[in-house]
Amino acid sequence: MLFSAHQLSCIRSHKTLFENVSFQISAGQLLLVEGKNGAGKTSLLKLLTGLRRPDSGEVHWNNLNILNSESDFRSHLAWLGHQNPLKEEQTALENLILLGHIRPRNTNSMISALKTVHLGHVKHKFIKTFSAGMKRRLCLASLLIADTPLWILDEPQAALDKAGIALFEDLAEQHLKNGGMIIMTSHHSVNIAPEYIQTLKLGQESQ
Amino acid sequence: MNILIKWYYRLGAPLWFYPLAGKLIPWVAALFLLFLIPGLYMGLVTAPADYQQGESFRIMYVHVPAAWMSMFVYLAMAIAAVVALVWRVRMAEIMIISAVPIGASFALIALLTGAFWGKPMWGAWWVWDARLTSELILLFIYLGILALYNAIEDKTTAGKAMSILTLVGVVNLPIIHYSVVWWNTLHQAATVSVFDKPSIHIDMLIPLLLMATAFKFLFLLILLLKMRANLIEQDVHSGWVKKIILDKQAEMEKEHD
Amino acid sequence: MTEFLHMGGYGFYVWSSFGLTTVILLANIIEPILHHKNALKEADDFYSEEN
Amino acid sequence: MNSFLTLVKRDLLLAYRSRGEAFNSLIFFGLVILLFPIGISASEKLLAEIAPGLIWIAALLASMLSLDNLFKEDFHDGTLEQWALSHHSLISFAWARLLSHWIITALPLIIIAPMFALSLNLPTEAIGVLIISLLLGTPLLTFIGGIGVALTTGLKKSSMLLPLLVLPFYIPVLIFGASAVDVSADGWSAAGQLYILAGLFVLGITLAPFAVATSLKVSVSQ
């Protein structure tokens, strides 16, 4: 499994956010994308997921361009953006069932996923009663039930408290150990064993 | 190899298109006048007056070409929309947004001249005739496309959204036209509509064809002018505009000293 | 000449139609030229202050 | 396929839980119809004459105004992004959203419409044709409107853009729908109009989801 980007560039309303960004990650590796706000971190992730076409350069999954359908890239990808894709009027379990439909499922049961993110006791409660941290953890649970090797996460630790961040780091390390891959943006460092981590700086220096 | 072609399409086209359009404009303007002047002269002076409508039929020489052009421009836009969406050619999107104002103007001219033609013949400024009503709807579709493009800031997304709407429009236009024609027969006895071209005598037909060709060259002229303007405005930050501007500045310095 | 202008009584309608058409089409020619001119001016300012 | 059904079930469940929203288009429909007798004149003969067109225009406006939040909420909370990146095609998502939106807003409207038709003393034999024409027409309005909504979902400011984009394409539906009811009110058979409406219906629900999916991809990539 290989995920690589070649000379990516992105222009947003006349401004070149970044140019010739290239990297390559394979199984068991985490790419940490760092940069000031507005350096184009989210835009880069949009290019990597295929939500937006790069203005130049290409993104490859197992050496196939992710935008053409043969690469079947989407059934290997789990994406988590800034917002939590949850509906307030639904319970935690209902939301998880919905999120389960979006990506190929693995064998973990929903209930066990909720328990690992310490939400087992509130599975039948409406999301609108949840704190931001709890909602973020529910999204992390949706990653656990997906059979997708590649996780692309936009600031997964946002709104998480210290325990939440520790939980995320365990899940990430577990995922990397099982041969998964993670690309994530973050403002603060991720304390996982450094040999897993590759960093990519975005912003003025790379110009 | 196809990556090179893709590059060429994406970036090379403006560098090649902009100066070429500049050179073409005078020629196209000349061709436009070449057809306009005889067309106008024959239409207004030599063509015999219509036995039924008298001199007012001469309005046909602007009304009919304008109505034809409003459809012609939309079809050209639809083709460009397919090119823009299927082969992702940005130049095609620039062509669509440059063509929308002209298309809308032709539709507006067709409506206004239709009203001025209908008043003496029909006694009313506005007639719910099938052709005029479809022309009015076409004008609204043009305005919708223009509004959509201007509502979206990011121009690449705006171009894509506009191309989709143009294609949705081209699928709906025949449906709208024939349902309006059907609706028209429902409400009005099928009287001879004033806009059916009167029995075309050869002397009347020639100016009409001349004017129609003149309008096509006019469309091309305005399109080239507008595309050059949109290209410079949108690509201000890209390399090819920088080259053109710096060349211009260099020339100006040469002239001064 | 006045006969020509009179257009068999329909002068008002014929000349209004031709007049309106000319006005609208002229506007369609002039607007892009102005648009192009100030787009060039803006690009000129952008590049002259840059270097 | 079952993700399609789950989506529809989920939307209906959500609509059930926030019931108020679904009634808005009904109340709007009733209000628009109320305006006409007040605005024009309550003489039976005149009302009966304009009733077919009036009910159809009210249904058309109600359906168009309820379209606005079709994808807006999904766009803002990230659900749209998730489905755009799911290995299912976006078309099934578009289909599910359009279908559930039609069930939530248009179906109650069709159930209420005969009552309003009677209030405008539309001849009773035209009621049957009214319901059939609405059953064929309103999904068409929702699917075509869905294209306009998908194109304008990404916009920051919610402007008057949607009606401007979508109304021209509603005209054929209005022509055949209103005339079907009008003709049957005069006692003639409305088969011709209903067949054409059915033809447009099939054309609409097959082609529109493709356009909606493509437009959603464009809006998501903003």
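Below, chain A is the first sequence line, B the second, and so on; all start at residue 1. Side-chain atoms are counted along with the backbone in the values below, which use heavy atoms only and exclude waters and symmetry mates.
- Between Y178(B) and W183(B), a ring centre-to-centre spacing not shorter than 6.0 Å is recorded.
- Residue I196(D): no heavy atom, backbone or side chain, is found under 4.5 Å from chain B.
- Note on ring orientation: taking the six-membered ring where Trp is involved, the planes of W240(B) and Y18(B) are tilted (angle from 30° to 60°).
- Partners of S92(D) under the side chain to side chain donor-acceptor pair (under 3.5 Å) rule, at least two apart in sequence or in another chain, do not exist in this structure.
- For the pair T213(B) and L209(B), the tightest heavy-atom approach, listed with the atom from each and the gap, is OG1-O, 2.6 Å.
- If you measure heavy-atom distances from L167(D) to chain B, you find no contacts under 4.5 Å at all.
- Contacts between residues 46-66 of chain D and chain B, counted as heavy-atom pairs separated by less than 4.5 Å, involve no residue at all.
- Both the backbone and the side chain of S215(D) come within less than 4.5 Å of a heavy atom of chain B.
- Side-chain atoms of N184(B) come within 3.5 Å of backbone atoms of W128(B) as a donor-acceptor pair (strictly under, hydrogens ignored).
- In this structure, the side chain of S219(D) engages the main chain of A150(D) through a donor-acceptor pair within 3.5 Å.
- Within residues 169-184 of chain D, the residues approaching chain B closer than 4.5 Å by heavy atoms are, in numerical order, F169(D), I171(D), P172(D), I175(D), F176(D), S179(D).
- A perpendicular orientation is assigned to the rings of H63(B) and W117(B), their planes being inclined by more than 60° (bins at 30° and 60°).
- Atom CZ of F210(D) has 12 or fewer heavy atoms from other residues, nucleotides or ligands within 6.0 Å.
- Distance check, rounded to the nearest 0.5 Å: OG of S179(B) to CD of Q193(D) gives 12.5 Å.
- For F106(B) and F215(B), the distance between ring centers is under 6.0 angstrom.
- Side-chain atoms of D186(D) never come within 3.5 Å of backbone atoms of W188(D) as a donor-acceptor pair (strictly under, hydrogens ignored).
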Derivation and outcome, salt bridge (charged side-chain N to carboxylate O under 4.0 Å, His left out), residues K72(D) and D77(D): CA-CA 9 Å; K72(D) 198 143 265 179; D77(D) 69 21; over 6 Å; no
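- Contact count against chain D (heavy-atom pairs under 4.5 Å) is highest for L148(B) among L143(B), L148(B), V171(B).
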Run the numbers on H101(D) and T142(D) for side-chain hydrogen bond (donor to acceptor under 3.5 Å, both in side chains), then give the verdict. CA-CA 8 Å; H101(D) 184 268; T142(D) 307; 4.7 Å; no
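- Between F201(D) and F143(D), the ring centre distance reaches or exceeds 6.0 Å.
- Residue F140(B) qualifies as open at atom CZ: its count of foreign heavy atoms under 6.0 Å is 12 or below.
- The contact list for residues 152-168 of chain B toward chain D, using heavy atoms and a distance under 4.5 Å, reads I152(B), E153(B), T157(B), K160(B), A161(B), I164(B), L165(B), V168(B) by residue number.
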